[in-house]
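Single-structure report; data block below.
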There are 2 protein chains.
Amino acid sequence: MPASLLVAGHDRIAGAARRVMARCDELARVSATSGAIERVYLSTEHARVNRLAAEWMREIGMTTRQDAAGNQLGRIGPPDAPALLLGSHLDTVPDAGRYDGIVGVLMALEVVRLLRPPGAEGSASDPALPFALEVIAFSDEEGTRFGKALLGSSAVAGTWDADWWALTDADGTTLGEAFREFGLDPGRIGEAARHPDELVGYLEAHIEQGPELDRRGESLAVVSSIASARRFQLVVEGEARHAGGTPYDLRRDALLGASEAALAVERICRAEHHIIGTVGQLEAYPGAVNIIPGEARLSLDLRGEFDGERDRVWGAISRDVDEIMGRRGLRWHAREIHSAPAVFCAPLLQDVVREGILSTLPSGADDPAVIFSRAGHDGMAIGAVTDVGMLFLRNPDGISHHPDEAVAAGDVARGIQALAEAVLHRAAEPV
Amino acid sequence: MPASLLVAGHDRIAGAARRVMARCDELARVSATSGAIERVYLSTEHARVNRLAAEWMREIGMTTRQDAAGNQLGRIGPPDAPALLLGSHLDTVPDAGRYDGIVGVLMALEVVRLLRPPGAEGSASDPALPFALEVIAFSDEEGTRFGKALLGSSAVAGTWDADWWALTDADGTTLGEAFREFGLDPGRIGEAARHPDELVGYLEAHIEQGPELDRRGESLAVVSSIASARRFQLVVEGEARHAGGTPYDLRRDALLGASEAALAVERICRAEHHIIGTVGQLEAYPGAVNIIPGEARLSLDLRGEFDGERDRVWGAISRDVDEIMGRRGLRWHAREIHSAPAVFCAPLLQDVVREGILSTLPSGADDPAVIFSRAGHDGMAIGAVTDVGMLFLRNPDGISHHPDEAVAAGDVARGIQALAEAVLHRAAEPV
């Protein structure tokens, strides 16, 4: 069992957790819609939460900057040393909860506060670490405004795609125009990119967005990987005919084929251990009450811990859909609209997160849970430029992307302690 | 076997059928869309086909008028005698075929031409019948423009509903405004209504809009009834959650419940003899690729020959859907949006149609097919004011409401002969 490296009493950590909870409430009031939480990329709400985050960064002695993609950063430590990045995102989905992303940014600030030398409160002195610490508040993880997720972290990873400038929001504003309206220069986007040599790694705390920890009765988990995901649009083609005059044996009803396909996705994925398939969209055409649907379109979102397993399941689904459509005299095809390989958390960072969590448990406790993230995270983009490690916090009933999203202050306290310990354990290893 | 009452040679009837086919082609060119057929209620195309029909009515000695609902009528015979109505409709669905409705109006004109005394061609002399003959071209059967079907025939039946004036088309024009733009006065709609005493009955020839006759290898059928129909909108409620983070046992996926319901409709109705159920619309909400659908809406169109059988099947579907939704932790409810009782063709008119069809068959032939119409027809409205009889023509492969809709000239010839014989047989019975 690893030793606790952190010199911080229970009261100090509990106070840090209370501050995180209060700031989550404060940020929840910065919203485009009253009575609900919505903060999208390059909005006035985005600018306001960046200003608040910068203020909180400076309060603990960090130097701050907003980068060329609107990410808010704070840094403390030797100017020329590589940095360990800590953080998450401050943007939200529509009608969001108040913790997804946000709690990870605020916990990172408390970790920096805890790791500063005793008595340094309010000064600009550095933590005694062999690397600098940077807290990053990513500007766009959810992709709510432009439909493309991970814009903020992609800019940092240097994987920004020039095609994205033409993406438009619901009002027809392009991403390029929104940059200029926000006061950013699209021509300087490259300046947000970090070089691998500048970075030691990226550590993020995030609510689980699932019920695993809640079911196990545990507070914290080591994240092993971020799910691999593929998304498809399936088109089923039959024949639109008169609903009254066409007997069943002459029908080629595209909607019934699509319905069977949606149920096949559920059946096949349920039988697998770690694969989740979801049909979130389904529409029938022409969509008249008295016409047999001649066409149906459905989406498929397929996630798994391993790319190979996910691809094998897609093969099984395809064979089943072939059988369904053949039996019903329908044609079908699928277009892949998104594909992201699984991103594995670096073994060293998994180790230090495990050690951090163990420091919060009684001596002799079992190893903490190791789970993979079925949801996407900034680490998926950042993984292209540095090592990624993640810590999950218990998320009651697994409710996320919803106003009822919750996290307990006690779990936040344990998470802050674990993350601070993880940073210290990382500091004990070669940079 | 009844005697043939009609004095008309084969050549004359074949000529009549050729004229019907040529006029179907001519009317097909009167369309709001080039390269397709679309004629909706109170449009300039409606006015044009009414003028053509009136011209053709006058050509065979009929006096013509357009009634207060835009129906085109022609009359021949004693001014004070009750009339036997013959006809169908001239409006179409979008991207329609050229025969649905239209062929019945044009066949009625040929029946009038055949029944006029020999040598009367071009004069206004009357058929020697104990009733007048009227040909009616209904102005709106399909309901394409205002979503409400049978507007023309409802006006004639005296069942026009004042609420309909507020119905709007896709451009927001109300039915009342469209009346005035067409040159009709909404305040005079009551003048289109006929009194039962003025009418002997209503006889209509129509393509089958189904494959029964084509499969039997027969040309013509007696229609026993027009299907009873009920339409519902079903709403399924579950819980919208994150597609990645929510394992299957925590999901309440409304779309999967709706998919099972659509398949249950098919399974239950297939097991019945004379019930057809169709789900033509299905949508999932919020309809995002990465969110489990929290709500789904689907339509159900349920048709059967008998109201009681149809209602029993709706009961069976409801019980099945209860079980599906209960098992999946979903709620559901249904709203009935349309209900029409079955309309039975009058026994006397079924008899005379049967005798008419027999006159076209070799001596000793079996009785013709008797089938019920799963599609709606003007007779559903007209049944409120007079007896209804219908004759179906073979419809190759049952394709209707589609540019490939077809009917053979030979079948049209046999249909004209059968319909003329039916009128003469009706004339032999008390008025």
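Only a predicted model underlies this, so the values are computations on that prediction, with no experimental measurement involved. Lettering follows sequence order; numbering is per chain, from 1.
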(request) Check whether any side-chain heavy atom of Pro247(A) lies under 4.5 Å from a side-chain heavy atom of Arg215(B), and answer yes or no. (result) yes
(message) Does atom CZ (Arg335(B)) have a neighbourhood of more than 12 heavy atoms from anything else shown, all under 6.0 Å?
(response) no
(request) Could you grab the distance from atom OG of Ser259(A) to atom CG of Leu255(B), nearest 0.5 Å is fine? (result) 7.5 Å
(request) Select all residues of residues 391-399 of chain A having any heavy atom within less than 4.5 Å of some heavy atom of chain B, and report them by number, or 'none'. (result) Asp397(A), Gly398(A), Ile399(A)
(message) My understanding is that only residues two or more places apart in sequence, or in another chain, count here; which of them pass side chain to side chain contact (heavy atoms under 4.5 Å, CB included) with Ile291(A)?
(response) Ala240(A), Pro286(A), Ala288(A)
(message) With a 4.5 angstrom heavy-atom cut-off, is it the side chain or the backbone of Arg297(A) that approaches chain B, or both, or neither?
(response) neither
(request) With a 4.5 Å cut-off on heavy-atom pairs, point out which of Thr246(B), Leu300(B), Ile337(B), Asp249(B) contacts chain A the most. (result) Asp249(B)
(request) Among the options Glu208(B), Glu260(B), Glu212(B), His402(B), pick out the one with the most heavy-atom pairs lying under 4.5 Å from chain A. (result) Glu260(B)
(message) As an exercise, state the distance from NE2 of His338(B) to CG of Asn290(A), rounded to the nearest 0.5 Å.
(response) 9.5 Å
(request) Verify whether one side chain among Thr278(A) and Arg251(B) offers a donor that lies under 3.5 Å from an acceptor in the other. (result) yes
(request) Locate the shortest heavy-atom distance separating Pro211(A) from Leu250(B); write the atom from each residue and the value. (result) CG-CD1, 3.3 Å
(request) Drop me the distance from Leu298(A)'s CG to Leu282(B)'s CG, to the nearest 0.5 angstrom. (result) 10.5 Å
(message) Testing the basics here: between Gln281(A) and Gly287(B), what is the closest heavy-atom pair and its distance to 0.1 Å?
(response) NE2-O, 2.9 Å
(request) Check whether Ile371(A) gets within reach of chain B through its side chain, its backbone, both or neither, counting any heavy atom under 4.5 Å. (result) neither
(message) Counting heavy-atom pairs closer than 4.5 Å to chain A, which one of Gly376(B), Ala284(B), Ser373(B), Gly277(B) comes out on top?
(response) Gly277(B)
(request) Against chain A, work out which of Glu239(B), Gln233(B), His401(B) has the most heavy-atom pairs shorter than 4.5 Å and name it. (result) His401(B)
(request) Give the member of Val265(B), Asp301(B), Ile292(B) that has the highest number of heavy-atom pairs under 4.5 Å with chain A. (result) Asp301(B)
(request) Can you tell which part of Arg241(A) gets under 4.5 Å to a heavy atom of chain B, answering side chain, backbone, both or neither? (result) side chain
(request) List the steps and the verdict of side chain to side chain contact (heavy atoms under 4.5 Å, CB included) for Leu263(B) and Leu263(A). (result) CA-CA 10 Å; Leu263(B) 292 164; Leu263(A) 291 165; 3.4 Å; yes
(message) Using 0.5 Å steps for rounding, measure from the CD atom of Glu272(A) to the OH atom of Tyr248(B).
(response) 10.0 Å
(message) Quick check on the interface: out of Ala375(B), Cys269(B), Gly245(B), who has the most heavy-atom pairs with chain A under 4.5 Å?
(response) Gly245(B)
